[in-house]
Amino acid sequence: MDLHSGLPFWIVKNEFFDLYHPLRENYKTDVAIIGSGITGALVAHELCEAGISCTIFDKRTIATGSSAASTAQLQYEIDTPLSKLIHIVPEKIAVDAYFNCLEAITTIENVFKKTKLDADFTRVPTVFLASNKQGVELLEKEYEIRKDVGLPINFLDAKQLKEYQNIDGIAALQNDTSAQMDAYKAAINLLKYHQSKNQLKIYTHTKIEKIQESKNGYELLTEHNHTVSCKYVIIANGFEAGQFLPKKVMNLLSTYAIASAPVDKNMVWPHQSLIWETAEPYLYMRTTKDNRLIVGGEDEDFQDPVKRDHLLREKVKILERKFKNIYPNIDFVTEMAWCGTFSSTNDGLPYIGPWKKGEKKLFALGYGGNGITFSMVAAEILKNIILNKKDNRLETFGFNRPSKK
């Protein structure tokens with residue numbers, strides 16, 4: 001399936017990683033990673049840095065799946081508000097998930113500082129807008145619980161919101177811990193870095209059809225009947241990982257995004273904040289390095305790529321109109337528009353680790369709107385599993401995490 005359509009800004013902005021390297025023979029590696037997007041790239045980075053030999057396999061050109069369509073907003077907030085999440089999973093797990101996301105933003109920042117790679121990583125604030133009276137009630141609950149557990153949070157009333165963000169709204173939550181990046185550039189640069197530094201092998205246009213256990217681990221069968229023998233296999237290809245799971249664990253969503261032509265620097269909204277709202281489906285907004293504005297949202301339950309793509313024109317108009325409601329004085333001219341397919345889970349948390357304890361088939365499934373921070377957490381957890389180091393985060397993000405429902 002095509003994971004996106006239209007013209008994603010990141011593919012236009014960046015140079016293609018024109019690697020064509022399909023597997024043409026049987027192959028052996030310690031760890032096979034399926035997926036070359038930002039999740040697979042972060043996993044490969046952690047393994048290479050730990051001295052673990054690994055190989056990437058992808059059925060597409062490098063990083064041209066969901067990563068190419070991501071708006072790459074890094075926030076500690078999860079799709080499910082903390083005040084709701086504590087009623088779905090035990091409070092300890094809910095709070096731990098939020099703090100892990102907060103820490104992951106700094107971890108990602110340090111990855112690119114240490115490697116000196118350009119990922120357009122920029123620290124920015126987050127502003128969470130109340131869309132209506134019910135939204136204000138949600139923000140009040142969120143503010144109290146986040147403050148109580150020690151998460152960084154500020155409450156802005158209408159006057160403070162106008163002064164801080166130049167928005168005529170009713171209330172908002174704000175924090176200074178977020179960031180934005182270019183997930184497509186980040187994935188490509190990480191993979192190139194480890195190709196050079198650690199002789200990371202990457203096989204593109206190589207579809208893994210089947211995974212079966214072997215005496216020493218696993219054998220992966222490609223669509224052209226070549227075999228990959230490995231001790232561990234890490235599945236990092238988003239919702240397409242469904243074929244390797246015993247049962248369905250995610251829901252598919254179609255999401256839409258538009259990018260403006262560059263605007264005058266003085267017209268960019270204050271602080272270059274990440275902005276999103278309480279309404280469902282929610283709107284989210286960010287800026288870019290070259291003063292473009294990106295607006296996304298209008299999520300729909302995914303049915304098929306044809307219907308998803310057919311709605312693109314209509315969704316562009318809705319997103320433009322919603323933007324104008326927030327910033328009527330900013331001249332937003334859509335220059336690129338795209339739609340993509342992403343996954344979510346019932347509790348808004350990712351799935352990381354083995355399906356069954358002790359298995360060496362591992363999953364790095366950073367589902368939801370916070371996929372990149374989850375991917376960073378997954379990369380660290382899976383590295384620790386392979387190194388036989390205990391990682392308590394499996395209790396929060398594993399397949400067997402407890403639920404209150």
Side-chain angles (χ1 to χ4, degrees), residues 2-23 33-46 48-49 54-74 108-109 111-122 124 179-207 236-238 240 257-263 272 286-294 296 334-342 366 371-372 375-376 379:
D2 292 331
L3 299 190
H4 57 78
S5 65
L7 194 62
F9 169 65
W10 315 109
I11 289 181
V12 177
K13 171 179 171 287
N14 295 291
E15 181 181 351
F16 240 20
F17 188 175
D18 279 330
L19 176 66
Y20 180 72
H21 189 219
L23 184 67
I33 302 170
I34 302 174
S36 69
I38 187 60
T39 304
L42 287 170
V43 170
H45 169 75
E46 288 296 310
C48 286
E49 290 292 285
C54 58
T55 306
I56 293 245
F57 299 89
D58 200 304
K59 67 180 183 180
R60 300 182 176 86
T61 298
I62 295 298
T64 55
S66 295
S67 294
S70 171
T71 52
Q73 298 171 212
L74 310 182
I108 293 169
E109 182 177 26
V111 164
F112 292 102
K113 281 183 177 178
K114 181 179 178 181
T115 58
K116 299 180 181 178
L117 296 174
D118 183 13
D120 286 354
F121 184 99
T122 307
V124 292
Q180 60 190 27
M181 63 186 286
D182 179 338
Y184 178 74
K185 177 194 275 188
I188 285 174
N189 284 345
L190 273 175
L191 294 177
K192 286 183 175 180
Y193 174 83
H194 287 293
Q195 272 187 312
S196 174
K197 181 184 177 185
N198 298 103
Q199 291 74 55
L200 174 67
K201 294 288 190 300
I202 303 174
Y203 289 95
T204 69
H205 305 90
T206 300
K207 183 179 181 182
N237 59 339
E240 291 184 305
I258 54 177
S260 75
V263 301
Q272 292 187 288
R286 61 160 289 184
T287 62
T288 70
K289 193 175 181 179
D290 59 347
N291 296 325
R292 294 177 188 268
L293 314 174
I294 295 178
T334 300
E335 197 157 83
M336 282 161 273
W338 65 96
C339 49
T341 303
F342 293 87
I372 297 174
S375 296
M376 187 70 253

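Just the heavy atoms: all of them, side chains too, but no hydrogens, waters or symmetry mates, feed the values below. The shown structure was predicted, so the numbers you read here are calculated from the model rather than taken from an experiment.
Taking all atoms of both residues into account, the shortest heavy-atom contact from G35 to I56 is O-CD1, 3.8 Å. A pairwise comparison of heavy atoms in T206 and P22 identifies OG1-CA, 3.4 Å as the closest pair. Q195 and F17 get closest at one heavy-atom pair: OE1-CZ, 3.4 Å. Of all the heavy atoms in I372 and A183, the pair that sits closest is CD1-CB, 3.8 Å. For E46 against A379, the heavy-atom pair with the smallest separation is CG-CB, 3.6 Å. Contact record, D290 with F9: OD1-CZ, 4.1 Å, taken as the closest heavy-atom pair.
A search for side-chain hydrogen bond (donor to acceptor under 3.5 Å, both in side chains) contacts involving S375 returns T39, not counting sequence neighbours. With sequence neighbours excluded, the residues forming a salt bridge (Lys or Arg N to Asp or Glu O under 4.0 Å) with E109 are K113, R123, listed by chain and number. With sequence neighbours excluded, the residues forming a side chain to side chain contact (heavy atoms under 4.5 Å, CB included) with N189 are L117, D118, K185, listed by chain and number. Listed by chain and number, the residues in a side-chain hydrogen bond (donor to acceptor under 3.5 Å, both in side chains) with T334 are E320 (sequence neighbours excluded). For A119, the side chain to side chain contact (heavy atoms under 4.5 Å, CB included) partners at least two apart in sequence or on another chain are F112, M181, A186. For F57, the ring pair (Phe, Tyr, Trp, His ring centres under 6.0 Å) partners two or more places apart in sequence, or in a different chain, are Y203. Qualifying side-chain hydrogen bond (donor to acceptor under 3.5 Å, both in side chains) partners for D18, counting only residues two or more places apart in sequence or in other chains: none. In this structure, D58 has no salt bridge (Lys or Arg N to Asp or Glu O under 4.0 Å) partners at least two apart in sequence or on a different chain. Under the rule for a side chain to side chain contact (heavy atoms under 4.5 Å, CB included), the partners of A41 that lie at least two apart in sequence or sit in another chain are A187, L190, L191. H205 meets the side-chain hydrogen bond (donor to acceptor under 3.5 Å, both in side chains) test with T61; sequence neighbours excluded. By the side chain to side chain contact (heavy atoms under 4.5 Å, CB included) test, A257 is found to be paired with T71, W338, residues two or more places apart in sequence or in another chain being considered.
The main-chain N or O of Y184 is found under 3.5 Å from a side-chain atom of D182 such that the two form a donor-acceptor pair. In this structure, R292 contributes its side chain and S260 its backbone to a donor-acceptor pair below 3.5 Å. Proximity of a side-chain donor or acceptor of H21 to a complementary backbone N or O of I202 within less than 3.5 Å is detected. Here the side chain of N14 pairs a donor or acceptor atom with the backbone of W10 at under 3.5 angstrom. In this structure, S36 contributes its side chain and A63 its backbone to a donor-acceptor pair below 3.5 Å.
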What do the steps show when you test T122 against K289 for side chain to side chain contact (heavy atoms under 4.5 Å, CB included), and what is the final call?
CA-CA 9 Å; T122 307; K289 193 175 181 179; over 6 Å; no
Step-by-step side chain to side chain contact (heavy atoms under 4.5 Å, CB included) determination, I258 to M336:
CA-CA 6 Å; I258 54 177; M336 282 161 273; over 6 Å; no
Evaluate S66 against T341 for side chain to side chain contact (heavy atoms under 4.5 Å, CB included), listing each step before the verdict.
CA-CA 7 Å; S66 295; T341 303; over 6 Å; no
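T55 is not listed as a side-chain neighbour of I33, based on a closest heavy-atom distance of 4.5 Å or more. Taking the side chain as every heavy atom from C-beta outward, I294 and T288 approach each other to under 4.5 Å. Side-chain atoms of T64 and F16, non-hydrogen and from C-beta on, do get closer than 4.5 Å to each other. Counting heavy atoms from C-beta on, the side chains of T204 and K59 never come closer than 4.5 Å.
The salt bridge (charged side-chain N to carboxylate O under 4.0 Å, His left out) contacts involving residues 189-205 comprise E49-K197, where partners must be two or more places apart or lie in separate chains.
From K207, atom NZ reaches atom CD of E240 across 8.5 Å, with rounding to the nearest 0.5 Å. Separating the CD atom in Q180 from the CD atom in Q73 is a distance of 7.5 Å, to the nearest 0.5 Å.
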